[in-house]
Amino acid sequence: MATIIPLADMRAESRSDALATFARDAALAPAVPGPIADTRGRSLSDLRISVTDRCNFRCVYCMPKDVFGHDYPYLPHTDLLTFEEITRVARVFVGMGVRKIRLTGGEPLLRRKVERLVEMLRGLGDVDLTLTTNGALLTKKAKDLRAAGLSRITVSLDSLDDATFRAMNDVDFPVAKVLEGIDAAAAAGLAPIKVNMVVKRGMNEDSIVPMARRFKGSGHIVRFIEYMDVGATNGWRMDDVVSAREIVDAIGARMPLVQCDPNYRGEVAERWRYADGGGEIGVIASVTQAFCRDCTRARLSTEGRLFTCLFANDGYDLRALVRGGFDDDALARAVTAIWRQRDDRYSEVRTASTPRAAKVEMSYIGG
Ligand code: SAM
């Protein structure tokens with residue numbers, strides 16, 4: 001029987017090898033009874049799955065064109081987890097208490113027949129099954145996604161001003177087509193829709209109020225996201241962050257807002273409702289008000305690495321276990337051991353001088 005060596009003691013191996021070794025040894029070790037909570041008492045209730053590292057947009061804050069050019073070495077198809085493998089891993093997580101699964105990427109609607117994956121995951125039972133998309137292919141896909149069992153959808157849209165939006169997605173994609181996708185999703189029964197807007201100073205802060213106004217009263221919920229220092233390629237600077245406070249103040253000055261209670265413990269968006277009953281907005285203040293304390297999310301990368309933080313620099317190779325003949329119980333033991341030793345709280349300890357070179361890209365780990 002293998003003994004699990006604490007990661008800190010694995011100095012002889014590279015960290016990536018150490019994580020793979022840790023996962024394998026934990027899969028081989030006997031189960032340790034008890035709650036599945038990490039070193040800070042956080043449970044595991046949320047799984048984000050990246051289904052592709054490719055995207056049809058080149059958003060300047062996420063996949064800048066000068067890095068993600070024609071010769072960028074995306075993962076070969078054989079490295080990607082298959083739908084069967086993803087479903088198997090997800091089943092293990094659901095067995096461990098996960099109740100929310102989000103498909104993301106890259107652009108998840110680029111993965112061929114992703115609605116088939118939705119159908120397979122729906123077969124896992126009572127989970128909140130959702131997907132984040134840039135909306136470019138949504139008009140075509142909305143009905144099939146709903147029919148396959150998708151519960152809800154989040155659409156990213158950074159501005160209603162066409163020139164601004166085209167400059168931010170950097171592939172000249174028009175606003176109108178994303179709005180069409182949002183309407184198609186609503187018509188297919190995926191409403192209320194969440195609309196994600198990343199705010200980057202000097203690029204789209206003038207779009208905050210128009211965006212709030214456009215969706216006020218629509219039933220959809222705009223979520224304004226502070227520009228984050230994910231990955232190592234977007235040239236993030238603290239000066240480019242428009243804080244959640246500024247965002248709420250800008251909207252509230254024109255359309256009075258009242259803060260609401262979270263829907264559940266660990267909800268990342270701070271909720272605000274319009275005083276006149278016109279619905280609500282959310283702000284995600286991951287830079288200025290870190291929410292690590294309540295983070296219950298695990299992330300499965302496109303090639304099956306398990307990351308316990310969006311800002312991690314490495315993940316545990318679950319694909320090696322999936323393809324290495326380990327059964328579901330062994331996988332569950334590995335994930336349990338990984339979760340129990342989790343101590344990530346990057347956003348709480350981030351400083352302007354935190355080194356950025358090693359972190360994985362959001363398009364790979366899944367946003
Ligand atoms: N392609 C899909 C999309 O555009 O929604 C899904 C993947 S994308 C990485 C998921 C979300 O992450 C999007 O809402 C995107 O705007 C957000 N995002 C990407 N980079 C970000 C950053 N540096 N800071 C904050 N949010 C970011």
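Counting convention: from 1, in listed order, for ligands and their atoms alike.
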*Begin from the C-alpha positions of Asp158 and Tyr61 and carry the test side chain to side chain donor-acceptor pair (under 3.5 Å) through to its verdict.*
CA-CA 11 Å; Asp158 294 328; Tyr61 54 79; 2.6 Å; yes
*Would one find more than 12 heavy atoms of other residues, nucleotides or ligands at under 6.0 Å from atom CZ of Arg40?*
yes
_Checking side-chain polar atoms at under 3.5 Å, does Gln341 have a donor or acceptor matched by the opposite partner on Thr39?_
no
*Does a side chain donor of either Glu107 or Thr133 reach within less than 3.5 Å of an acceptor in the other side chain?*
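Glu107 vs Thr133: donor-acceptor pair found between side chains.
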*Steps toward salt bridge (charged side-chain N to carboxylate O under 4.0 Å, His left out) verdict (Arg166, Asp162)*: CA-CA 6 Å; Arg166 287 175 193 255; Asp162 210 47; 2.6 Å; yes
*Shell of residues surrounding ligand 1, defined by a 4.0 angstrom heavy-atom cut-off that is strict*: Tyr61, Cys62, Thr104, Gly105, Gly106, Glu107, Thr132, Thr133, Asn134, Ser156, Asn196, Val198, Ile225, Glu226, Tyr227, Met228, Val230, Asn234, Met362, Gly367
*Look at the rings of Phe57 and Phe165 and say which category their plane angle falls in: under 30° parallel, 30 to 60° tilted, over 60° perpendicular.*
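Answer is perpendicular, since the angle exceeds 60°.
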